2 protein chains.
Amino acid sequence: MMVRMVYERRDVIPLIGEAFRRYGFEGTSISRLTEHTKLGKGSLYNFFPGGKDAMAEAVLDHIHQWFETEIFKPLDELNPSEALDMMFAGVSKYFRSGQRICLVGAFALEETRDRFSSAVCSYFDRWIHALSGALQRSGMNSADAGTLAAEVVAGIQGAIVLSRALMDETRFAAIIARLAQRCRGG
Amino acid sequence: MMVRMVYERRDVIPLIGEAFRRYGFEGTSISRLTEHTKLGKGSLYNFFPGGKDAMAEAVLDHIHQWFETEIFKPLDELNPSEALDMMFAGVSKYFRSGQRICLVGAFALEETRDRFSSAVCSYFDRWIHALSGALQRSGMNSADAGTLAAEVVAGIQGAIVLSRALMDETRFAAIIARLAQRCRGG
DNA sequence: CTTACACTTTACCGATAGGTACAAAATATC
DNA sequence: GATATTTTGTACCTATCGGTAAAGTGTAAG
C-alpha cells in the first residue's frame, strides 16, 4: 500500500468540481483543469483514463455522496424537525447562499444532461423521496408530502438561479426561509 | 428599401437562441450555428459583427421583448386574475412544460452571467416587479406580494430544472399548478 | 445600364481543444 | 539494493475553435 500522497485521485475531484461550477462543463478545458489542480495533463489522464466525461462522472458521484451523508441520511433517520433544519442549514452553507451553484442542476439544463442523465436523475429522485419521507413522518399525508417535497427541491434550485441572476444573496435566504416555513406547516 | 428576404437578422435570432438552449453558450460553436441557421460564417458575422457575444446579446434582448409583450405588460395592465392565468399558461407553453429551458436562467448559472449580467438581471427584476404589482392589485400587501413574486419566479426556474432532471413533464405542470394556487391565495 | 451597397461564399489565420505516447522520475515491494 | 508499478512532464497529434479577408453575387436606386 502506498503512503498517502499530496495529490490522490480523491483530492482532485473537488477541485475539478469547482472548475465545472465556475466555467460549466463545456467551458472547462483540460488545460484550465491543469492550472486549477496544479496537475499535469499526464496525471489527470492517469487518474481519469476516460477523460473529461469520467471526471464529470466522478464529480457527480462525489457530490451525491456528500448529500447522502449530510442531507439524505439525516432525512431518513433523524426526527423530521431536526432533519429539516439540518437540510436547510446544510444547503444554505453548501450553496453559499446561492453564490455557489448546484452542479447537478446546471447539468440538467445543459446538453450534458443526456450524457449524465442517470446521475442527475438519481440525485433529485433520492432527494425528493428522502424529503417526502421526513414530511410524512412529521404528520403529512403521502400525496401532500410528495408534492411539497418536489416543490421545495425545485424551490432551492430556483433560489440559486434567482440569487445569482440578481446578484443578491439575500434572495436565496428569503426563499429558503419561506420553504422551511411551509415544511413546518406554515 | 429592400424587399423582405428569406433570411434577415431578425429571422436568425430565434434559431441562434434555440441552439444556445440546446448546447449552452460555450457548447455552441460558430460552425454549429452555420448548420442550424443554414447561413455561412460570413453572413453570420455580417449580421453580428460582434461575434458570438453579440449574438447572445441579441437573443437575450429578443427573449426579453417576447416576455415584455406576452407576460410583463399584461401583468401591468390587465386585471390581476386574468393576467396571472395568462402568465402561467404563457410560461407553460413557452417552456414546453420544462422541456425547453429558460436561457436567461441558464446564463445566470454559467460564467457567462458576468458577461451578460445586466440583461440577465433586468429580465428577472422586471418579471418580479410586474408580478408583485399584479399581486398587490389583487389585494395583497406590498411586502407579501414582493416575497411571493420572487418565490414564484424562482419556482418556475426550479420547475424547469427539476422536470428536465427527472425527464418528467408532469413535474413542471404540478409545480406550476401549486404556484398558481398560491397566487390566488390558496 | 451603371453604380452602389448588401449579402454570401470560400479560403485562410493563429490559438486552443481533447487526447495520446513515452520517457523520466518517484515510489512501493521484495 | 534491485525490481515492479505508479505518477509525472513534455512533446506531439488531429480537429476544431472564434474570427478575418477578400473576391464574388445578387438586388435596388439613379
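Below, chain A is the first sequence line, B the second, and so on; all start at residue 1. Note that the coordinates shown come from a computational prediction; the quantities given were computed from them, not determined experimentally.
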Sugar-phosphate only, base, or nothing, as touched by A:G42 at under 4.0 Å among non-hydrogen atoms: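 It contacts base atoms.
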Touch class at under 4.0 angstrom, heavy-atom based, for B:T28 against every strand present: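 B:T28: backbone/sugar contact only, no base atoms under 4.0 Å.
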Mind calculating the distance between [atom1] ([X]) and [atom2] ([N]) to the nearest angstrom?
X	N	atom1	atom2	answer
A:R9	D:dT8	CZ	P	14 Å
A:E8	D:dT6	CD	P	13 Å
B:I30	D:dG18	CD1	P	5 Å
B:L44	D:dC17	CG	P	13 Å
B:F47	D:dG18	CZ	P	19 Å
B:F48	D:dT20	CZ	P	15 Å
B:E26	C:dA17	CD	P	11 Å
A:Y23	C:dA17	OH	C1'	17 Å

Does [N] have its OP1 or OP2 closer than 4.0 Å to a side-chain nitrogen or oxygen of [X]?
X	N	result
B:S29	D:dC17	yes
A:N46	D:dT7	yes
A:S31	C:dA17	yes

Selected nucleotide, minimal atom distance to [X] side chain, candidates [options]:
X	options	value
B:K41	D:dT20, D:dG9, C:dG18	D:dT20
B:K52	C:dT8, D:dG19, D:dG9	D:dG19
B:Y45	D:dG18, C:dT8, C:dG19	D:dG18

Axial cation check for B:F67 ring with B:R126, 6.0 Å and 45° limits: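 Geometry flag: not set, cation outside 6.0 Å or 45°.
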Hydrophobic cluster of B:M86, others only, ordered by chain and residue number, side-chain cut-off 4.5 Å: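 Taking Ile, Leu, Val, Met, Phe, Trp and Tyr as members, B:M86 shares its hydrophobic cluster with B:L78.
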Pairwise salt bridge (Lys or Arg N to Asp or Glu O under 4.0 Å) hits with a residue in residues 150-164 of chain A, at least two apart: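 For residues 150-164 of chain A, and leaving out neighbouring residues, the salt bridge (Lys or Arg N to Asp or Glu O under 4.0 Å) pairs sorted by first residue read A:E151-A:R182, A:E151-B:R178.
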Test log, rule salt bridge (Lys or Arg N to Asp or Glu O under 4.0 Å), inputs A:R100 and A:E18: CA-CA 9 Å; A:R100 185 169 179 243; A:E18 289 311 309; 2.7 Å; yes
For the student: nearest non-hydrogen atoms of B:I175 and A:A150, plus distance: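 For B:I175 versus A:A150, the nearest heavy atoms are CD1-O, 4.0 Å.
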